[in-house]
K.L.:
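Let me begin by handing over the structure; questions about it come next.
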There are 2 protein chains.
Amino acid sequence: MNAKVRLYVDHPLGAGQTVPLDRDQAHYLFGVMRLAVGARVALFNGRDGEWQAEVAEASKRCGVLACVEQSKPLQLPPDLWLIFAPIKKARTDFIVEKAAEMGAARILPVATDFTNSERIRQDRLQAHAVEAAEQCGGTYVPEVAELQKLSALLDHWPENRQLMFCDEAEVGQRLFLDAVQSEDPPTASGPWAILIGPEGGFSDAERKRLQAMQQAHVVSLGPRILRADTAAVAAMTLWQRALGDW
Amino acid sequence: MNAKVRLYVDHPLGAGQTVPLDRDQAHYLFGVMRLAVGARVALFNGRDGEWQAEVAEASKRCGVLACVEQSKPLQLPPDLWLIFAPIKKARTDFIVEKAAEMGAARILPVATDFTNSERIRQDRLQAHAVEAAEQCGGTYVPEVAELQKLSALLDHWPENRQLMFCDEAEVGQRLFLDAVQSEDPPTASGPWAILIGPEGGFSDAERKRLQAMQQAHVVSLGPRILRADTAAVAAMTLWQRALGDW
(Lines give C-alpha, C1' and ligand atoms only; values in the text may rest on other atoms or scores of the structure.)
Protein backbone atom coordinates (compact mmCIF):
# COMPACT_ATOMS: atom_id res chain seq x y z
CA MET A 1 0.00 0.00 0.00
CA ASN A 2 1.31 3.41 -0.86
CA ALA A 3 1.96 6.00 1.81
CA LYS A 4 -0.54 8.71 2.68
CA VAL A 5 2.17 11.10 3.82
CA ARG A 6 4.27 12.80 1.14
CA LEU A 7 7.45 14.59 2.06
CA TYR A 8 9.92 16.68 0.13
CA VAL A 9 13.53 15.97 1.11
CA ASP A 10 16.70 17.57 -0.15
CA HIS A 11 18.56 14.27 -0.36
CA PRO A 12 19.27 11.68 -3.09
CA LEU A 13 16.64 8.96 -3.48
CA GLY A 14 17.23 5.52 -4.97
CA ALA A 15 17.31 1.79 -4.33
CA GLY A 16 19.00 1.04 -1.00
CA GLN A 17 19.29 4.73 -0.18
CA THR A 18 18.70 5.89 3.40
CA VAL A 19 17.50 9.40 4.17
CA PRO A 20 18.28 11.11 7.48
CA LEU A 21 15.55 13.40 8.84
CA ASP A 22 16.07 16.79 10.41
CA ARG A 23 14.30 17.88 13.57
CA ASP A 24 11.28 19.47 11.80
CA GLN A 25 10.74 16.43 9.61
CA ALA A 26 11.02 14.04 12.57
CA HIS A 27 8.56 16.17 14.55
CA TYR A 28 6.11 16.16 11.65
CA LEU A 29 6.30 12.43 10.90
CA PHE A 30 6.54 11.05 14.44
CA GLY A 31 4.96 13.80 16.56
CA VAL A 32 2.19 15.11 14.31
CA MET A 33 1.46 12.18 11.99
CA ARG A 34 2.30 9.55 14.65
CA LEU A 35 4.19 7.27 12.30
CA ALA A 36 6.14 4.38 13.85
CA VAL A 37 9.02 2.24 12.61
CA GLY A 38 7.90 0.30 9.53
CA ALA A 39 5.36 2.94 8.39
CA ARG A 40 5.42 4.10 4.78
CA VAL A 41 6.21 7.63 3.59
CA ALA A 42 6.34 8.89 0.01
CA LEU A 43 9.44 10.96 -0.72
CA PHE A 44 10.45 13.20 -3.59
CA ASN A 45 13.34 15.57 -4.05
CA GLY A 46 12.56 17.25 -7.36
CA ARG A 47 15.15 15.10 -9.18
CA ASP A 48 14.60 11.36 -8.62
CA GLY A 49 10.84 10.92 -8.92
CA GLU A 50 8.72 9.65 -6.04
CA TRP A 51 9.94 6.86 -3.78
CA GLN A 52 8.11 4.81 -1.19
CA ALA A 53 10.22 4.70 1.93
CA GLU A 54 9.91 2.98 5.27
CA VAL A 55 10.60 4.45 8.69
CA ALA A 56 13.80 2.68 9.83
CA GLU A 57 14.52 4.71 12.95
CA ALA A 58 12.27 7.12 14.78
CA SER A 59 12.89 9.40 17.73
CA LYS A 60 11.69 12.79 18.84
CA ARG A 61 14.37 14.79 17.14
CA CYS A 62 15.67 12.63 14.35
CA GLY A 63 15.06 9.53 12.33
CA VAL A 64 15.99 7.61 9.21
CA LEU A 65 13.88 6.57 6.24
CA ALA A 66 14.89 3.75 3.88
CA CYS A 67 13.88 3.88 0.22
CA VAL A 68 11.92 0.77 -0.85
CA GLU A 69 10.79 1.33 -4.42
CA GLN A 70 10.11 4.06 -6.92
CA SER A 71 6.38 4.85 -7.18
CA LYS A 72 6.52 7.61 -9.81
CA PRO A 73 9.12 8.73 -12.31
CA LEU A 74 10.27 12.33 -12.26
CA GLN A 75 7.71 14.44 -14.10
CA LEU A 76 9.12 17.81 -15.01
CA PRO A 77 6.55 20.53 -15.70
CA PRO A 78 6.69 22.38 -19.02
CA ASP A 79 9.26 25.19 -19.19
CA LEU A 80 6.83 27.83 -17.96
CA TRP A 81 7.72 30.79 -15.75
CA LEU A 82 5.10 32.57 -13.70
CA ILE A 83 6.00 36.21 -13.14
CA PHE A 84 3.89 38.29 -10.78
CA ALA A 85 3.98 41.43 -8.66
CA PRO A 86 3.64 40.58 -4.95
CA ILE A 87 0.43 41.78 -3.36
CA LYS A 88 -1.03 41.30 0.10
CA LYS A 89 0.67 38.49 1.99
CA ALA A 90 -2.12 35.92 1.88
CA ARG A 91 -2.66 36.44 -1.85
CA THR A 92 1.05 36.29 -2.60
CA ASP A 93 1.28 32.98 -0.71
CA PHE A 94 -1.71 31.82 -2.68
CA ILE A 95 -0.16 32.69 -6.05
CA VAL A 96 2.96 30.69 -5.20
CA GLU A 97 0.89 27.71 -4.05
CA LYS A 98 -1.23 27.83 -7.19
CA ALA A 99 1.78 28.17 -9.49
CA ALA A 100 3.27 25.01 -7.99
CA GLU A 101 -0.03 23.10 -8.27
CA MET A 102 -0.67 24.27 -11.82
CA GLY A 103 2.76 23.20 -13.00
CA ALA A 104 4.96 26.26 -13.34
CA ALA A 105 8.66 25.45 -13.56
CA ARG A 106 9.84 28.72 -12.01
CA ILE A 107 8.16 31.49 -10.03
CA LEU A 108 9.50 35.03 -10.31
CA PRO A 109 8.23 37.85 -8.08
CA VAL A 110 8.86 41.25 -9.66
CA ALA A 111 8.57 44.83 -8.54
CA THR A 112 6.70 46.95 -11.07
CA ASP A 113 6.17 50.70 -11.26
CA PHE A 114 2.87 50.36 -9.35
CA THR A 115 3.85 47.57 -6.93
CA ASN A 116 3.04 48.43 -3.32
CA SER A 117 4.79 45.57 -1.58
CA GLU A 118 8.52 46.04 -1.74
CA ARG A 119 9.75 43.03 0.17
CA ILE A 120 9.08 39.35 0.08
CA ARG A 121 10.26 36.50 2.28
CA GLN A 122 11.74 34.27 -0.39
CA ASP A 123 12.30 31.41 2.08
CA ARG A 124 8.65 31.46 3.17
CA LEU A 125 7.43 31.51 -0.41
CA GLN A 126 9.76 28.64 -1.31
CA ALA A 127 8.32 26.67 1.64
CA HIS A 128 4.82 27.27 0.24
CA ALA A 129 5.92 25.88 -3.11
CA VAL A 130 7.31 22.79 -1.38
CA GLU A 131 4.09 22.26 0.57
CA ALA A 132 1.99 22.64 -2.57
CA ALA A 133 4.14 20.06 -4.36
CA GLU A 134 3.74 17.68 -1.40
CA GLN A 135 -0.04 18.12 -1.56
CA CYS A 136 -0.58 17.92 -5.29
CA GLY A 137 1.36 14.74 -5.87
CA GLY A 138 3.99 16.46 -7.98
CA THR A 139 7.58 15.25 -8.13
CA TYR A 140 9.04 18.66 -8.89
CA VAL A 141 9.28 21.86 -6.83
CA PRO A 142 9.43 25.13 -8.74
CA GLU A 143 12.15 27.52 -7.64
CA VAL A 144 10.92 30.83 -6.22
CA ALA A 145 13.35 33.52 -7.30
CA GLU A 146 14.33 36.55 -5.25
CA LEU A 147 12.37 39.73 -5.93
CA GLN A 148 13.74 41.69 -8.85
CA LYS A 149 12.64 44.69 -10.87
CA LEU A 150 10.48 43.91 -13.86
CA SER A 151 12.61 46.30 -15.91
CA ALA A 152 15.76 44.39 -14.96
CA LEU A 153 14.15 41.08 -15.89
CA LEU A 154 13.14 42.48 -19.28
CA ASP A 155 16.64 43.91 -19.84
CA HIS A 156 17.94 40.34 -19.96
CA TRP A 157 14.91 38.63 -21.44
CA PRO A 158 15.86 35.37 -23.21
CA GLU A 159 15.32 35.78 -26.92
CA ASN A 160 13.56 32.44 -27.37
CA ARG A 161 11.15 32.71 -24.40
CA GLN A 162 7.61 33.73 -25.36
CA LEU A 163 5.73 35.97 -22.95
CA MET A 164 2.01 35.74 -22.31
CA PHE A 165 1.05 39.05 -20.86
CA CYS A 166 -2.33 39.60 -19.28
CA ASP A 167 -3.49 43.17 -19.52
CA GLU A 168 -6.89 44.15 -18.26
CA ALA A 169 -6.84 47.08 -20.67
CA GLU A 170 -6.98 44.64 -23.58
CA VAL A 171 -10.07 42.94 -24.93
CA GLY A 172 -10.97 40.82 -27.90
CA GLN A 173 -7.82 38.69 -27.79
CA ARG A 174 -9.54 35.45 -26.90
CA LEU A 175 -8.24 33.61 -29.92
CA PHE A 176 -4.59 34.31 -29.20
CA LEU A 177 -3.79 30.82 -27.96
CA ASP A 178 -5.54 29.21 -30.92
CA ALA A 179 -3.36 31.35 -33.14
CA VAL A 180 -0.21 30.38 -31.26
CA GLN A 181 -1.15 26.71 -31.48
CA SER A 182 -1.41 26.86 -35.25
CA GLU A 183 1.91 28.66 -35.67
CA ASP A 184 5.23 27.00 -36.41
CA PRO A 185 6.36 24.66 -33.65
CA PRO A 186 9.11 27.01 -32.37
CA THR A 187 6.62 29.47 -30.84
CA ALA A 188 4.26 26.93 -29.35
CA SER A 189 6.73 24.41 -28.03
CA GLY A 190 9.57 26.59 -26.79
CA PRO A 191 9.94 28.12 -23.34
CA TRP A 192 7.22 30.47 -22.15
CA ALA A 193 6.44 32.88 -19.35
CA ILE A 194 3.19 34.28 -18.04
CA LEU A 195 3.27 37.79 -16.61
CA ILE A 196 0.44 38.80 -14.28
CA GLY A 197 0.09 42.54 -13.82
CA PRO A 198 -0.02 44.20 -10.41
CA GLU A 199 -3.33 45.19 -8.82
CA GLY A 200 -2.83 48.79 -9.94
CA GLY A 201 -2.13 47.70 -13.52
CA PHE A 202 1.00 48.36 -15.55
CA SER A 203 2.40 51.84 -16.00
CA ASP A 204 2.25 53.33 -19.48
CA ALA A 205 6.01 52.91 -19.80
CA GLU A 206 5.80 49.24 -18.83
CA ARG A 207 2.88 48.61 -21.18
CA LYS A 208 4.72 50.21 -24.09
CA ARG A 209 7.86 48.23 -23.41
CA LEU A 210 5.95 44.94 -23.15
CA GLN A 211 3.95 45.60 -26.29
CA ALA A 212 7.11 46.30 -28.23
CA MET A 213 8.67 42.95 -27.35
CA GLN A 214 8.57 40.51 -30.23
CA GLN A 215 8.04 37.64 -27.77
CA ALA A 216 4.94 39.23 -26.20
CA HIS A 217 1.43 37.85 -26.69
CA VAL A 218 -1.42 39.74 -25.08
CA VAL A 219 -4.33 37.70 -23.77
CA SER A 220 -7.63 38.77 -22.28
CA LEU A 221 -9.14 37.01 -19.27
CA GLY A 222 -12.77 37.90 -19.88
CA PRO A 223 -15.04 40.88 -19.26
CA ARG A 224 -14.65 41.06 -15.47
CA ILE A 225 -11.53 42.41 -13.79
CA LEU A 226 -9.79 39.51 -12.06
CA ARG A 227 -7.71 39.84 -8.93
CA ALA A 228 -4.06 38.97 -9.51
CA ASP A 229 -4.36 35.57 -7.80
CA THR A 230 -7.38 34.61 -9.88
CA ALA A 231 -5.71 35.85 -13.02
CA ALA A 232 -2.66 33.70 -12.28
CA VAL A 233 -4.69 30.49 -12.10
CA ALA A 234 -6.84 31.40 -15.11
CA ALA A 235 -3.85 32.30 -17.27
CA MET A 236 -1.98 29.12 -16.32
CA THR A 237 -5.10 27.10 -17.13
CA LEU A 238 -5.35 28.60 -20.62
CA TRP A 239 -1.67 28.04 -21.21
CA GLN A 240 -1.54 24.47 -19.85
CA ARG A 241 -4.52 23.43 -21.90
CA ALA A 242 -3.31 25.02 -25.12
CA LEU A 243 0.43 24.45 -24.89
CA GLY A 244 1.28 22.56 -21.72
CA ASP A 245 0.81 19.13 -20.18
CA TRP A 246 -2.99 19.07 -19.63
CA MET B 1 -14.66 61.27 -13.88
CA ASN B 2 -15.98 57.92 -12.81
CA ALA B 3 -15.99 56.93 -9.17
CA LYS B 4 -13.24 54.85 -7.60
CA VAL B 5 -15.57 53.38 -4.98
CA ARG B 6 -18.05 50.72 -6.11
CA LEU B 7 -20.90 49.72 -3.86
CA TYR B 8 -23.60 47.09 -4.11
CA VAL B 9 -26.99 48.36 -2.89
CA ASP B 10 -30.26 46.49 -2.65
CA HIS B 11 -32.26 49.42 -4.02
CA PRO B 12 -33.61 50.45 -7.44
CA LEU B 13 -31.23 52.55 -9.55
CA GLY B 14 -32.26 54.91 -12.32
CA ALA B 15 -32.41 58.51 -13.51
CA GLY B 16 -33.47 60.81 -10.67
CA GLN B 17 -33.41 57.95 -8.17
CA THR B 18 -32.09 58.58 -4.66
CA VAL B 19 -30.60 55.79 -2.60
CA PRO B 20 -30.66 55.86 1.22
CA LEU B 21 -27.62 54.35 2.96
CA ASP B 22 -27.68 52.11 5.99
CA ARG B 23 -25.29 52.53 8.90
CA ASP B 24 -22.60 50.17 7.55
CA GLN B 25 -22.63 51.78 4.12
CA ALA B 26 -22.46 55.28 5.62
CA HIS B 27 -19.57 54.22 7.84
CA TYR B 28 -17.69 52.77 4.87
CA LEU B 29 -18.22 55.72 2.53
CA PHE B 30 -17.85 58.59 4.98
CA GLY B 31 -15.80 57.08 7.81
CA VAL B 32 -13.42 54.75 5.96
CA MET B 33 -13.29 56.22 2.44
CA ARG B 34 -13.73 59.81 3.67
CA LEU B 35 -16.13 60.83 0.91
CA ALA B 36 -17.88 64.19 1.28
CA VAL B 37 -21.04 65.66 -0.25
CA GLY B 38 -20.61 65.85 -4.02
CA ALA B 39 -18.21 62.88 -4.26
CA ARG B 40 -18.90 60.18 -6.82
CA VAL B 41 -19.75 56.54 -6.03
CA ALA B 42 -20.48 53.76 -8.53
CA LEU B 43 -23.57 51.73 -7.59
CA PHE B 44 -24.99 48.44 -8.84
CA ASN B 45 -27.80 46.27 -7.56
CA GLY B 46 -27.60 43.20 -9.78
CA ARG B 47 -30.56 44.39 -11.88
CA ASP B 48 -30.12 47.92 -13.24
CA GLY B 49 -26.50 47.98 -14.43
CA GLU B 50 -23.94 50.37 -12.94
CA TRP B 51 -24.83 53.97 -12.07
CA GLN B 52 -22.64 56.88 -11.14
CA ALA B 53 -24.12 58.54 -8.09
CA GLU B 54 -23.26 61.60 -6.07
CA VAL B 55 -23.21 61.94 -2.31
CA ALA B 56 -26.22 64.19 -1.55
CA GLU B 57 -26.24 63.88 2.24
CA ALA B 58 -23.59 62.49 4.54
CA SER B 59 -23.53 61.91 8.26
CA LYS B 60 -21.95 59.38 10.58
CA ARG B 61 -24.79 56.92 10.53
CA CYS B 62 -26.73 57.59 7.37
CA GLY B 63 -26.65 59.34 4.04
CA VAL B 64 -28.25 59.65 0.64
CA LEU B 65 -26.79 59.07 -2.82
CA ALA B 66 -28.37 60.52 -5.94
CA CYS B 67 -28.05 58.64 -9.25
CA VAL B 68 -26.48 60.78 -11.98
CA GLU B 69 -26.04 58.58 -15.04
CA GLN B 70 -25.71 54.97 -16.05
CA SER B 71 -22.09 53.99 -16.59
CA LYS B 72 -22.59 50.30 -17.54
CA PRO B 73 -25.56 48.26 -18.72
CA LEU B 74 -26.51 45.16 -16.77
CA GLN B 75 -24.23 42.31 -17.84
CA LEU B 76 -25.62 38.98 -16.78
CA PRO B 77 -23.10 36.12 -16.60
CA PRO B 78 -23.76 32.94 -18.58
CA ASP B 79 -26.21 30.52 -16.94
CA LEU B 80 -23.46 28.63 -15.09
CA TRP B 81 -23.78 27.11 -11.63
CA LEU B 82 -20.73 26.37 -9.53
CA ILE B 83 -21.33 23.44 -7.18
CA PHE B 84 -18.71 22.61 -4.55
CA ALA B 85 -18.26 20.82 -1.25
CA PRO B 86 -17.27 23.29 1.51
CA ILE B 87 -13.76 22.82 2.84
CA LYS B 88 -11.71 24.79 5.32
CA LYS B 89 -13.16 28.24 5.95
CA ALA B 90 -10.55 30.33 4.13
CA ARG B 91 -10.69 28.11 1.06
CA THR B 92 -14.49 28.07 1.02
CA ASP B 93 -14.51 31.87 1.16
CA PHE B 94 -12.02 31.83 -1.64
CA ILE B 95 -14.11 29.57 -3.86
CA VAL B 96 -17.11 31.88 -3.47
CA GLU B 97 -15.00 34.95 -4.24
CA LYS B 98 -13.51 33.30 -7.32
CA ALA B 99 -16.89 32.05 -8.57
CA ALA B 100 -18.21 35.62 -8.46
CA GLU B 101 -15.12 37.01 -10.22
CA MET B 102 -15.10 34.31 -12.87
CA GLY B 103 -18.77 34.87 -13.74
CA ALA B 104 -20.84 32.09 -12.20
CA ALA B 105 -24.53 32.89 -12.06
CA ARG B 106 -25.24 30.80 -8.97
CA ILE B 107 -23.08 29.17 -6.28
CA LEU B 108 -24.29 25.99 -4.63
CA PRO B 109 -22.47 24.47 -1.62
CA VAL B 110 -23.23 20.77 -1.28
CA ALA B 111 -22.57 18.10 1.32
CA THR B 112 -21.09 14.97 -0.23
CA ASP B 113 -20.45 11.55 1.26
CA PHE B 114 -16.89 12.56 2.14
CA THR B 115 -17.52 16.21 3.11
CA ASN B 116 -16.00 17.10 6.46
CA SER B 117 -17.50 20.54 6.96
CA GLU B 118 -21.18 20.23 7.70
CA ARG B 119 -22.17 23.83 8.20
CA ILE B 120 -21.71 27.00 6.27
CA ARG B 121 -22.58 30.58 7.07
CA GLN B 122 -24.64 31.38 4.00
CA ASP B 123 -24.86 35.08 4.91
CA ARG B 124 -21.08 35.38 5.20
CA LEU B 125 -20.54 33.60 1.89
CA GLN B 126 -23.12 35.83 0.21
CA ALA B 127 -21.27 38.88 1.57
CA HIS B 128 -18.06 37.54 -0.01
CA ALA B 129 -19.83 37.25 -3.35
CA VAL B 130 -21.03 40.87 -3.03
CA GLU B 131 -17.53 42.08 -2.21
CA ALA B 132 -16.06 40.18 -5.13
CA ALA B 133 -18.61 41.73 -7.48
CA GLU B 134 -17.78 45.20 -6.11
CA GLN B 135 -14.09 44.55 -6.76
CA CYS B 136 -14.27 42.96 -10.18
CA GLY B 137 -16.45 45.61 -11.81
CA GLY B 138 -19.34 43.22 -12.33
CA THR B 139 -22.95 44.39 -12.34
CA TYR B 140 -24.37 41.09 -11.13
CA VAL B 141 -24.04 39.22 -7.82
CA PRO B 142 -24.38 35.44 -7.90
CA GLU B 143 -26.74 33.99 -5.32
CA VAL B 144 -25.11 31.67 -2.79
CA ALA B 145 -27.58 28.90 -2.00
CA GLU B 146 -27.99 27.22 1.37
CA LEU B 147 -26.04 24.02 1.90
CA GLN B 148 -27.86 20.97 0.54
CA LYS B 149 -27.01 17.35 0.01
CA LEU B 150 -25.49 16.51 -3.35
CA SER B 151 -27.86 13.54 -3.60
CA ALA B 152 -30.88 15.83 -3.08
CA LEU B 153 -29.61 18.24 -5.74
CA LEU B 154 -29.18 15.38 -8.20
CA ASP B 155 -32.67 14.02 -7.37
CA HIS B 156 -34.15 17.17 -8.89
CA TRP B 157 -31.54 17.86 -11.52
CA PRO B 158 -32.94 19.96 -14.40
CA GLU B 159 -33.08 17.83 -17.52
CA ASN B 160 -31.60 20.49 -19.79
CA ARG B 161 -28.67 21.52 -17.55
CA GLN B 162 -25.34 20.01 -18.58
CA LEU B 163 -22.94 19.06 -15.81
CA MET B 164 -19.17 19.40 -16.08
CA PHE B 165 -17.80 17.10 -13.47
CA CYS B 166 -14.15 17.19 -12.47
CA ASP B 167 -12.89 13.87 -11.24
CA GLU B 168 -9.29 13.43 -10.30
CA ALA B 169 -9.65 9.72 -11.03
CA GLU B 170 -10.17 10.52 -14.72
CA VAL B 171 -7.48 11.30 -17.23
CA GLY B 172 -7.24 11.74 -20.97
CA GLN B 173 -10.44 13.77 -21.28
CA ARG B 174 -8.77 16.95 -22.35
CA LEU B 175 -10.68 17.23 -25.58
CA PHE B 176 -14.10 17.14 -23.91
CA LEU B 177 -14.79 20.83 -24.33
CA ASP B 178 -13.71 20.80 -27.95
CA ALA B 179 -16.17 17.96 -28.48
CA VAL B 180 -18.95 19.85 -26.72
CA GLN B 181 -18.26 22.93 -28.78
CA SER B 182 -18.72 21.05 -32.02
CA GLU B 183 -21.98 19.41 -30.94
CA ASP B 184 -25.45 20.67 -31.72
CA PRO B 185 -26.10 24.09 -30.20
CA PRO B 186 -28.46 22.76 -27.47
CA THR B 187 -25.63 21.18 -25.48
CA ALA B 188 -23.16 23.99 -25.86
CA SER B 189 -25.45 26.96 -25.41
CA GLY B 190 -27.90 25.74 -22.77
CA PRO B 191 -27.53 26.02 -19.00
CA TRP B 192 -24.51 24.38 -17.39
CA ALA B 193 -23.10 23.51 -14.01
CA ILE B 194 -19.57 22.73 -12.83
CA LEU B 195 -19.22 20.30 -9.95
CA ILE B 196 -15.96 20.35 -7.99
CA GLY B 197 -15.36 17.26 -5.92
CA PRO B 198 -14.54 17.38 -2.21
CA GLU B 199 -10.95 17.09 -0.97
CA GLY B 200 -11.48 13.41 -0.20
CA GLY B 201 -12.88 12.72 -3.65
CA PHE B 202 -16.30 11.36 -4.52
CA SER B 203 -17.59 8.12 -3.01
CA ASP B 204 -18.04 5.18 -5.35
CA ALA B 205 -21.82 5.58 -5.13
CA GLU B 206 -21.59 9.27 -6.05
CA ARG B 207 -19.20 8.58 -8.90
CA LYS B 208 -21.48 5.90 -10.35
CA ARG B 209 -24.51 8.10 -10.09
CA LEU B 210 -22.75 11.04 -11.75
CA GLN B 211 -21.34 8.91 -14.52
CA ALA B 212 -24.80 7.54 -15.28
CA MET B 213 -26.30 11.00 -15.81
CA GLN B 214 -26.87 11.79 -19.44
CA GLN B 215 -26.03 15.45 -18.75
CA ALA B 216 -22.63 14.61 -17.24
CA HIS B 217 -19.34 15.45 -18.98
CA VAL B 218 -16.14 14.40 -17.25
CA VAL B 219 -13.14 16.67 -17.61
CA SER B 220 -9.57 16.27 -16.44
CA LEU B 221 -7.60 19.16 -14.96
CA GLY B 222 -4.12 17.93 -15.75
CA PRO B 223 -1.64 15.48 -14.27
CA ARG B 224 -1.28 17.10 -10.84
CA ILE B 225 -3.98 16.84 -8.17
CA LEU B 226 -5.47 20.29 -7.69
CA ARG B 227 -6.92 21.56 -4.44
CA ALA B 228 -10.65 22.23 -4.65
CA ASP B 229 -10.20 26.01 -4.81
CA THR B 230 -7.65 25.76 -7.63
CA ALA B 231 -9.85 23.27 -9.47
CA ALA B 232 -12.80 25.66 -9.25
CA VAL B 233 -10.90 28.47 -10.96
CA ALA B 234 -9.32 26.16 -13.54
CA ALA B 235 -12.63 24.51 -14.43
CA MET B 236 -14.43 27.85 -14.75
CA THR B 237 -11.60 29.11 -16.97
CA LEU B 238 -11.96 26.15 -19.33
CA TRP B 239 -15.73 26.54 -19.41
CA GLN B 240 -15.76 30.32 -19.87
CA ARG B 241 -13.28 30.14 -22.69
CA ALA B 242 -15.01 27.30 -24.52
CA LEU B 243 -18.66 28.08 -23.87
CA GLY B 244 -18.98 31.27 -21.84
CA ASP B 245 -18.39 34.99 -22.20
CA TRP B 246 -14.60 35.14 -22.47
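Naming: A, B, ... by sequence-line order, numbering from 1 per chain. The shown structure was predicted, so the numbers you read here are calculated from the model rather than taken from an experiment.
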K.L.:
Given side chains that start at C-beta, do those of B/Val233 and A/Thr230 come closer than 4.5 Å, heavy atoms only?
P.N.:
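The answer is yes, as the side chains (C-beta and beyond) meet within the 4.5 Å cut-off.
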K.L.:
With a 4.5 angstrom heavy-atom cut-off, which part of B/Ala232 approaches chain A: side chain, backbone, both or neither?
P.N.:
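For B/Ala232, there is no contact with chain A at all, as no heavy atom is under 4.5 Å.
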K.L.:
Below 4.5 Å, heavy-atom pairs only: which of B/Gly138, B/Gly137, B/Pro223, B/Pro77 has the largest tally toward chain A?
P.N.:
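Looking at each of B/Gly138, B/Gly137, B/Pro223, B/Pro77 in turn, B/Pro223 comes out on top.
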K.L.:
Determine whether A/Gln240 and B/Leu221 satisfy the following criterion, side-chain contact (heavy atoms from CB on, under 4.5 Å), listing intermediate values before the conclusion.
P.N.:
CA-CA 9 Å; A/Gln240 284 288 18; B/Leu221 298 174; over 6 Å; no
K.L.:
Carefully, step by step, assess B/Lys98 and A/Leu226 under the rule side-chain contact (heavy atoms from CB on, under 4.5 Å).
P.N.:
CA-CA 9 Å; B/Lys98 292 328 179 200; A/Leu226 302 184; over 6 Å; no
K.L.:
State, yes or no, whether a side-chain contact exists between B/Gln135 and A/Arg224 at a heavy-atom distance under 4.5 Å.
P.N.:
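Answer no - side chains too far apart.
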K.L.:
Give, for atom CG of B/Leu238 and atom CH2 of A/Trp246, the distance between the pair rounded to the nearest 0.5 Å.
P.N.:
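That separation rounds to 6.0 Å.
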K.L.:
For A/Arg227, is there any backbone N or O sitting under 3.5 Å from a side-chain donor or acceptor partner on B/Glu101?
P.N.:
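Checking the backbone N and O of A/Arg227 against the side chain of B/Glu101, a donor-acceptor pair under 3.5 Å is found.
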K.L.:
Salt bridge check: are B/Glu97 and A/Arg91 linked by an N-O gap of less than 4.0 Å?
P.N.:
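Looking at B/Glu97 and A/Arg91, the cut-off is met.
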K.L.:
Looking at A/Asp204, I want to see if its CG is surrounded by more than 12 non-hydrogen atoms of other residues, nucleotides or ligands under 6.0 Å.
P.N.:
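12 or below, so no.
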K.L.:
Tell me, side chain or backbone of B/Met236 under 4.5 Å from chain A's heavy atoms, or both, or neither?
P.N.:
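Neither part.
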K.L.:
Does a sphere of radius 6.0 Å around NE2 in B/His11 hold more than 12 heavy atoms from other residues, nucleotides or ligands, not counting ones at 6.0 Å or beyond?
P.N.:
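Result for NE2/B/His11: enclosed.
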